[in-house]
Amino acid sequence: MSGVGFGRPLAHDSVLHRRNPTVKLAVLLVVSTVLLAVVDPWTPLALWVLALVAVARAGRIPWRLLLRAQLLFGPFAVSILAVNCVTRDGPVVGVLGPFEVTGPGLAIGLSLMLRTLLVGTLSVAFVLTTDGARLMTSLHQHVRLGARPTYAVLAGYRMLEHLPERWTTIRLAQAAREPGRARLRGPAPVGRRPARTGRAQQDDSARQDDSAWQDAAARRDGRARRGGGTRLPVSPRALARAAFALLVVTLRQAERMAVAMETRGLGAGPRTVHAPVALDRRDAAFAAVTIGVCVAVIAAAARLGVLASWGSTLG
């Protein structure tokens, strides 16, 4: 998910961007909690498909970004499926190498896998449409979260936002110190100009030389803008040095931020809010519609006879 930092919403406006962060967080927790009792694969599958369409439309999240987000949770979801298929008792429906796949294990594994993808999709949508400052301000306003944990978490949130840029800066600094970096910039016309024996040859040589210098400068400028002319060191030692430098820089900044907040009297008394986050009927409608769709899908699955819970499956 390149181009998107931790805690940074997408740079556009949408229905999900305008909703209260506390309401979105509460809806996410409610849906995740309700799905804990569902173990059939059809209910989370229907909710997952609906969630993909809803967040793509309401949050204006590109489909390519949503599909890439599924790859983040895909390996974990597949591992849950594999473990349940071969570890639960029941009728054997297939053989996978030395392991026997059971029917209840396959059903429960599919349900847990799809639930993981569903919760992952909703979580990614929450992160991509929620600003960290608005989230903590809303929790401070509407959930009465104390000033000390609110601003401490917000400070940590902001530090995490800048970690990718700091990592890139450290890696580029490493590349600039590499001994062979001059060879990576490509040939550049250096040295004295060739000898000239006549006026015409002097003019031609001067024009060619000037053109070569201009082409080389243009190539260097283009690589500098794109960052494509720098080869980053990939040795384990270089990566370990970069990670250690990032750790040191982050710890120092955390110490400075802690001292600054204590100096300004964080938690010493009531504090005002610079940019209050509104909570209105549109947020209530959003919560009602989202939870209502979830309940409707579960009710439809029960009517169709495909809904299963832990009690019915294990019993």
Side-chain angles (χ1 to χ4, degrees), residues 1 4-36 47 50-51 54-61 65-66 69 118-165 250 253-295:
M1 299 167 62
V4 180
F6 182 88
R8 292 183 179 178
L10 295 176
H12 59 245
D13 186 34
S14 70
V15 175
L16 291 181
H17 281 74
R18 294 190 294 269
R19 296 286 66 82
N20 189 290
T22 299
V23 175
K24 290 190 290 185
L25 181 60
V27 169
L28 173 61
L29 294 177
V30 168
V31 173
S32 302
T33 303
V34 169
L35 289 176
L36 290 177
L47 290 174
L50 290 175
V55 300
R57 296 294 300 273
R60 294 175 56 195
I61 302 176
L65 187 57
L66 282 176
L118 170 60
V119 175
T121 299
L122 297 178
S123 302
V124 168
F126 175 78
V127 172
L128 295 181
T129 60
T130 305
D131 179 69
R134 293 188 74 243
L135 171 63
M136 300 312 301
T137 303
S138 177
L139 291 175
H140 179 61
Q141 279 185 260
H142 307 297
V143 189
R144 298 297 185 265
L145 186 64
R148 185 180 292 271
T150 297
Y151 291 100
V153 173
L154 180 57
Y157 220 94
R158 291 308 190 195
M159 289 179 60
L160 289 175
E161 285 184 2
H162 296 289
L163 282 183
E165 289 84 353
T250 304
Q253 185 191 12
E255 182 181 4
R256 291 193 297 267
M257 293 179 66
V259 172
M261 288 190 294
E262 289 294 336
T263 303
R264 288 166 173 78
L266 178 64
R271 304 185 68 91
T272 58
V273 177
H274 169 64
V277 180
L279 180 64
D280 53 28
R281 283 181 283 184
R282 290 173 295 184
D283 297 304
F286 163 75
V289 170
T290 305
I291 298 176
V293 169
C294 181
V295 173

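Quick note: numbers below take in every heavy atom, side chains included, and nothing from hydrogens, waters or symmetry partners.
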Heavy-atom nearest pair, Asp283 first then Arg18, reads OD1-O, 4.5 Å
Evaluate whether atom CZ of Arg57 has more than 12 neighbouring non-hydrogen atoms of other residues, nucleotides or ligands under 6.0 angstrom away. no
Worksheet entry | Thr129 side chain to Ala125 backbone, donor-acceptor under 3.5 Å | yes
Other residues, nucleotides and ligands only: do more than 12 of their heavy atoms fall within 6.0 Å of CD on Glu165?
yes
In terms of heavy-atom contacts, Leu66 and Ala56 come closest through CD1-CB, 3.8 Å
To the nearest 0.5 Å, atom CG of Leu28 lies from atom OG1 of Thr290 at 10.5 Å
With a 4.5 Å cut-off on side-chain heavy atoms, are Leu145 and Met136 touching?
yes
What one should report as the nearest heavy-atom pair of Ala155 and Met257 is CB-CE, 3.2 Å
Separation between CG (Asn20) and CZ (Arg282), nearest 0.5 Å, reads 11.0 Å
Check: Is any side-chain heavy atom of Leu10 less than 4.5 Å from a side-chain heavy atom of Ile61?
Finding: yes
Interatomic distance, CG@Leu122 vs CG@Leu25, rounded to 0.5 Å, equals 12.0 Å
Do side-chain atoms of His17 reach the backbone of Arg60 as a donor and acceptor pair under 3.5 angstrom? no
Shortest non-hydrogen pair, Cys294 vs Val31, comes out as SG-CG1, 4.4 Å
Validation row: Leu279, Thr22 side chains within 4.5 angstrom (heavy atoms): no
CG of Leu50 to OG1 of Thr121, rounded to nearest 0.5 Å, is 12.0 Å
When every non-hydrogen atom of His12 is compared with those of Gly59, the smallest separation belongs to NE2-O, 3.1 Å
In this structure, CG of Leu154 is separated from CE of Met159 (nearest 0.5 Å) by 12.0 Å
Quiz prompt | Flag side-chain contact, heavy atom, 4.5 Å: Leu128 against Val124 | solution = yes
